*Asks:* 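Structure provided below as structure tokens; questions to follow.
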Amino acid sequence: MKMSQLFSPTLRETPADAEIISHQYMLRAGFIRKVAAGIYTYLPLGYRVIRKIEQIVREEMNKKGAQELLMPALQPAELWHESGRWDIYGKELMRLRDRHERDFCLGPTHEEVITDLVKREVNSYRQLPLLLYQIQTKYRDEIRPRFGLMRGREFIMKDLYSFDRDKEGLDESYKKMYDAYCRIFERCGLEYRSVEADSGAIGGSSSHEFMVIADSGESVIAYCENCDYAANVEKATFAMKVENSKSVLQDLIKVETPGVRTVAELEQFFNLAAKQILKTLIYETEKGFVAVVLRGDRNVNEVKLQNVLDSKYVNLVNEDRVKELIGCEVGSIGPVNLQEEIILVADREVPYVLNAICGANETNRHYQNVNYGRDFEANIIEDIALVEAGDPCPKCQGPLHITRGIEVGHIFKLGTKYSAALEATFLDEDGQARYYEMGCYGIGIGRTAAAAIEQNHDEHGIIWPVSIAPYHVVIIQVHDKEEKQKEICEELYNQLTDNGIEVVYDDRKERVGVKFKDADLIGFPLRIVVGPKTINDGTVEVKIRKTGEQLVLPLTDVNSWVNNYITSFLGK
RNA sequence: CGGGAUGUGGCUCAGUUUGGUAGAGCGCUUCGUUCGGGACGAAGAGGUCGCAGGUUCAAAUCCUGUCAUCCCGACCA
């Protein structure tokens with residue numbers, strides 16, 4: 001490809017509406033252009049990256065015996081009614097009507113379509129296991145699309161669905177996909193981590209997310225350095241440190257606490273640590289109002305809370321409504337003598353806090369020496385606390401660390417949730433109809449590209465891993481009018497291209513500085529410079545974008561050197 | 001949906017407070033000089049100031065409405 005012909009409009013300045021590096025560089029380097037919020041055109045360079053990632057995904061899926069198909073983006077409402085998700089999915093589902101006023105949606109995911117297909121076309125255990133996948137454009141009317149390809153309303157995703165006869169089969173399929181995902185992200189040159197995850201709205205039992213470690217990530221993960229434990233903080237738990245306190249239970253007393261509201265103020269007022277204080281928050285949920293009690297040094301993990309309550313939502317009640325409901329300021333709520341109709345959920349640490357401080361449900365009054373079991377009891381005791389850095393690992397007690405990550409892949413064991421909803425069955429050896437044990441496995445293709453940039457860039461631009469770079473090499477002709485340089489460039493271009501190397505020849509009538517800047521910005525892994533030295537002593541400069549290393553090679557060696565370098569990164 | 005902000009040439013932005021002939025830099029076109037890290041000079045092209053109303057002799061500027069975009073939060077296979 002000649003740079004003079006390549007449609008990759010680069011920008012000198014950073015567009016104002018791009019916040020994070022990957023978005024900025026994709027725009028500046030001419031990879032994408034925005035059409036509407038969260039909707040983008042992939043320009044030639046951007047699309048090449050997308051296709052590279054897709055190809056890696058394809059190869060690894062196929063290796064595991066999966067078969068590619070393509071389902072429609074446009075889906076009839078009936079299927080979604082059958083699974084019950086037409087009503088549940090909410091505003092995120094892009095809905096539309098055809099000319100006959102029939103309801104449709106643009107698929108955010110394809111469990112319904114695939115399950116319906118398999119239900120119709122597969123009927124025997126002999127045809128299982130079945131692994132089917134597609135690489136498709138998905139639609140989600142995100143509340144807030146942002147960060148370019150990171151969170152779009154239209155985006156490309158690989159989704160695979162596994163159908164097995166039993167739990168053991170599902171475990172095997174899940175393991176296959178887990179392994180394939182590891183290979184994929186390794187091949188993409190990403191530093192990633194697989195973490196235990198909450199299965200969210202899609203449902204199901206076991207679930208892992210594949211996170212690319214990056215500060216700009218929207219997910220937060222906890223991991224242990226001593227062992228392999230790692231989990232999304234939504235899911236992460238920690239070992240409870242039970243202190244064998246010899247404290248004697250003291251008498252409950254009510255104390256005037258004028259103006260004392262926050263845990264920090266209580267610590268001061270009573271000269272006690274936050275973990276000696278119990279704080280109480282009021283949530284509105286599907287099950288009614290819920291009071292959540294936990295240690296003063298803890299925060300609520302709303303995902304855990306939602307799961308414990310089996311509620312579709314949990315919303316913190318605002319201060320004014322709390323006053324109406326409890327009759328006191330939010331700073332003085334407590335679990336003792338709370339109204340019967342409020343469900344009391346205590347974090348599992350709460351029973352171990354002896355002689356605690358808590359609100360007295362009267363403004364400016366608190367109880368001292370509160371003890372679980374004697375002074376109050378909860379309807380539910382569960383782990384509902386958010387993990388903090390330094391908490392002990394649930395597996396090995398080592399300290400947990402917290403970091404941010406970009407969720408590029410997510411795998412779920414769905415079990416029979418969808419097969420049961422859609423009555424999708426097969427016959428086993430005994431002629432018994434059984435529901436499929438299903439799994440679903442997604443990879444955000446565009447998001448993976450964005451994550452790669454977040455992890456591989458410098459102040460000059462992108463540093464593509466070879467495996468997903470739009471082109472491997474750029475050849476820069478220093479003097480655009482020099483015929484001899486041009487001849488050498490063209491010869492080199494042909495040699496490399498014949499070897500299967502993907503090359504761009506920058507033949508533009510630009511000063512060399514401009515070419516260097518664009519080469520760095522676009523992020524070609526290798527840059528070959530053909531200039532006066534090439535004419536005089538038959539050498540060219542080869543610069544490795546990643547390391548900045550620059551070598552001078554005889555013209556005759558360039559082809560094989562480049563070939564070796566590139567292929568060393570493409571091992572499959 | 002709540003809170004905040006912004007819409008002026010392809011890009012970055014000034015001008016709006018105090019209404020009076022629409023600006024700069026970059027990019028683009030042509031010519032010349034340059035030529036190994038985003039050159040310089042000269043001459044050009046390009047804008048219904050997001051859109052619709054209103055106030056006014058006069059609106060980018062004031063008022064009302066509306067749309068879009070971005071940030072924070074809630075949300076999220």
Side-chain angles (χ1 to χ4, degrees), chain A residues 9-20 23-24 27-28 30 33-39 85 88-93 107-112 136 138-148 150-153 155 157-161 197-204 207-210 218-219 232 234 302-303 306 312-316 318 407-414 417-418 438-444 447 459-461 476-482 485 506 508-521 527 529-534 540-541 543 548 550:
Chain A
T10 56
L11 304 172
R12 293 197 177 198
E13 287 171 285
T14 304
D17 54 4
E19 187 76 2
I20 62 168
H23 189 195
Q24 291 173 355
L27 288 169
R28 281 194 55 202
R33 283 293 182 267
K34 183 171 73 180
V35 175
I39 300 174
R85 288 207 293 185
I88 294 170
Y89 216 95
K91 290 187 179 166
E92 212 184 322
L93 189 62
T109 171
H110 284 70
E111 281 83 7
E112 281 79 2
Q136 234 277 18
K138 305 284 187 189
Y139 296 85
R140 288 187 196 169
D141 198 356
E142 292 282 350
I143 289 168
R144 189 143 84 87
R146 57 179 157 181
F147 299 156
M150 203 73 95
R151 179 172 292 268
R153 293 192 291 174
F155 58 98
M157 181 170 156
K158 184 283 305 183
D159 48 327
L160 182 144
Y161 304 88
D198 183 73
S199 46
I202 256 212
S207 172
H208 284 85
E209 288 167 333
F210 288 77
E218 295 181 279
S219 305
N232 191 311
E234 292 176 349
E302 294 187 354
V303 174
Q306 200 168 324
K312 291 199 180 70
Y313 60 92
V314 292
N315 294 321
L316 196 58
N318 71 33
E407 179 193 346
V408 288
H410 200 161
I411 60 179
F412 299 80
K413 286 183 189 171
L414 297 173
K417 176 171 172 169
Y418 294 91
M438 291 175 57
C440 85
Y441 315 83
I443 290 180
R447 189 182 274 189
E459 68 273 26
H460 302 295
I476 290 180
Q477 182 179 339
V478 174
H479 302 288
D480 62 78
K481 295 196 187 80
E482 289 287 334
Q485 291 183 20
D506 196 344
R508 290 177 301 170
K509 312 234 171 305
E510 288 286 354
R511 295 160 65 85
V512 73
V514 173
K515 299 184 182 183
F516 286 157
K517 288 289 183 187
D518 276 342
D520 287 346
L521 180 61
R527 184 186 84 186
V529 179
V530 173
K533 278 176 254 169
T534 316
V540 298
E541 287 167 25
K543 188 172 181 184
Q550 193 158 308

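Letters A, B, ... mirror the listed sequences (proteins, then strands); counts begin at 1. Note that the structure is a prediction, hence the values are computed from the model and not measured.
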*Asks:* Does a side-chain N-to-carboxylate-O contact under 4.0 Å join A/Glu111 and A/Arg85?
*Replies:* yes
*Asks:* Can you check the distance between B/rA39 and B/rU34, where both ends of the measurement are the C1' atom (answer in whole Å)?
*Replies:* 7 Å
*Asks:* Measure from NZ or CZ of A/Arg527 to the centre of the six-membered ring of A/Phe516 and say whether it is under 6.0 Å with the direction within 45° of the ring axis.
*Replies:* yes
*Asks:* Contact class for A/Glu541 vs. all strands (heavy atom < 4.0 Å): base, sugar-phosphate, or nothing?
*Replies:*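 Here A/Glu541 touches the bases of the nucleic acid.
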*Asks:* Could you check whether A/Gln477 and A/Gln485, counting side-chain N and O atoms only, form a donor-acceptor pair closer than 3.5 Å?
*Replies:* no
*Asks:* Between B/rC63 and B/rG19, how far apart are the C1' atoms? Round to whole Å, please.
*Replies:*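 That atom pair is separated by 13 Å.
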*Asks:* Starting at atom CG of A/Leu11, determine the distance to atom P of B/rC28, rounded to an integer number of angstrom.
*Replies:* 12 Å
*Asks:* If you measure from the P atom in B/rC71 to the same atom in B/rU12, how many Å do you get, rounded?
*Replies:* 14 Å
*Asks:* Nearest of B/rC76, B/rG36, B/rU34 to any side-chain atom of A/His479?
*Replies:* B/rG36
*Asks:* Taking the P atom in each of B/rU30 and B/rC72, what is the distance between them to the nearest angstrom?
*Replies:*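 After rounding to an integer number of Å, I get 43 Å for this pair.
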*Asks:* Please compare A/Lys543 and A/Arg153 by the position of their nearest nucleotide in RNA chain B and report the one closer to 5'.
*Replies:*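 Its nucleotide being nearer the 5' end, the pick is A/Lys543.
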*Asks:* In whole Å, measure the gap between the C1' atoms of B/rG50 and B/rA5 for me.
*Replies:* 16 Å
*Asks:* Heavy atoms only, 4.0 Å cut-off, all strands: where does A/Pro532 land among base, sugar-phosphate and nothing?
*Replies:*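 If one applies the 4.0 Å heavy-atom cut-off, A/Pro532 turns out to touch a base.
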*Asks:* Can you find an N or O donor on one side and an acceptor on the other, under 3.5 Å apart, linking the side chain of A/Arg146 with the base of B/rG73?
*Replies:*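 Between B/rG73 and A/Arg146, which were checked side chain against base, a qualifying N/O pair under 3.5 Å is absent.
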*Asks:* Taking atom P in both B/rU29 and B/rA22, what distance in whole Å separates the two?
*Replies:* 28 Å
*Asks:* Should A/Arg12 be listed as having a side-chain N or O under 4.0 Å from OP1 or OP2 of B/rC11?
*Replies:*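 No, no such contact exists.
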*Asks:* Counting side-chain heavy atoms from CB outward, which of B/rG36, B/rU69, B/rC72 is closest to A/Val512?
*Replies:* B/rG36
*Asks:* Can you tell me whether the side chain of A/Glu510 and the base of B/rG38 have a donor-acceptor pair closer than 3.5 Å?
*Replies:*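 Between B/rG38 and A/Glu510, which were checked side chain against base, a qualifying N/O pair under 3.5 Å is absent.
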*Asks:* To the side chain of A/Phe147, which of B/rG36, B/rC11, B/rC72 is closest?
*Replies:* B/rC72
*Asks:* Compare side-chain N and O positions of A/Arg144 against OP1 and OP2 of B/rC71 and report whether any pair is under 4.0 Å apart.
*Replies:* yes
*Asks:* If you measure from the P atom in B/rU17 to the same atom in B/rA60, how many Å do you get, rounded?
*Replies:*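 Here B/rU17 and B/rA60 have their P atoms 12 Å from each other.
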*Asks:* Quick one: which of B/rC76, B/rG38, B/rU69 gets closest to the side chain of A/Leu521?
*Replies:*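 Between B/rC76, B/rG38, B/rU69, the one nearest the side chain of A/Leu521 would be B/rG38.
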*Asks:* Ignoring hydrogens and angles, answer whether the base of B/rG25 and the side-chain atoms of A/Glu13 contain a donor-acceptor pair closer than 3.5 Å.
*Replies:* yes
*Asks:* Hey, does the side chain of A/Lys34 come within less than 4.0 Å of B/rC70's phosphate (OP1/OP2), counting only N and O?
*Replies:*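 Yes, because at least one side-chain N or O of A/Lys34 sits under 4.0 Å from OP1 or OP2 of B/rC70.
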*Asks:* For nucleotides B/rC13 and B/rG47, find the distance between their C1' atoms and express it as a whole number of Å.
*Replies:* 15 Å
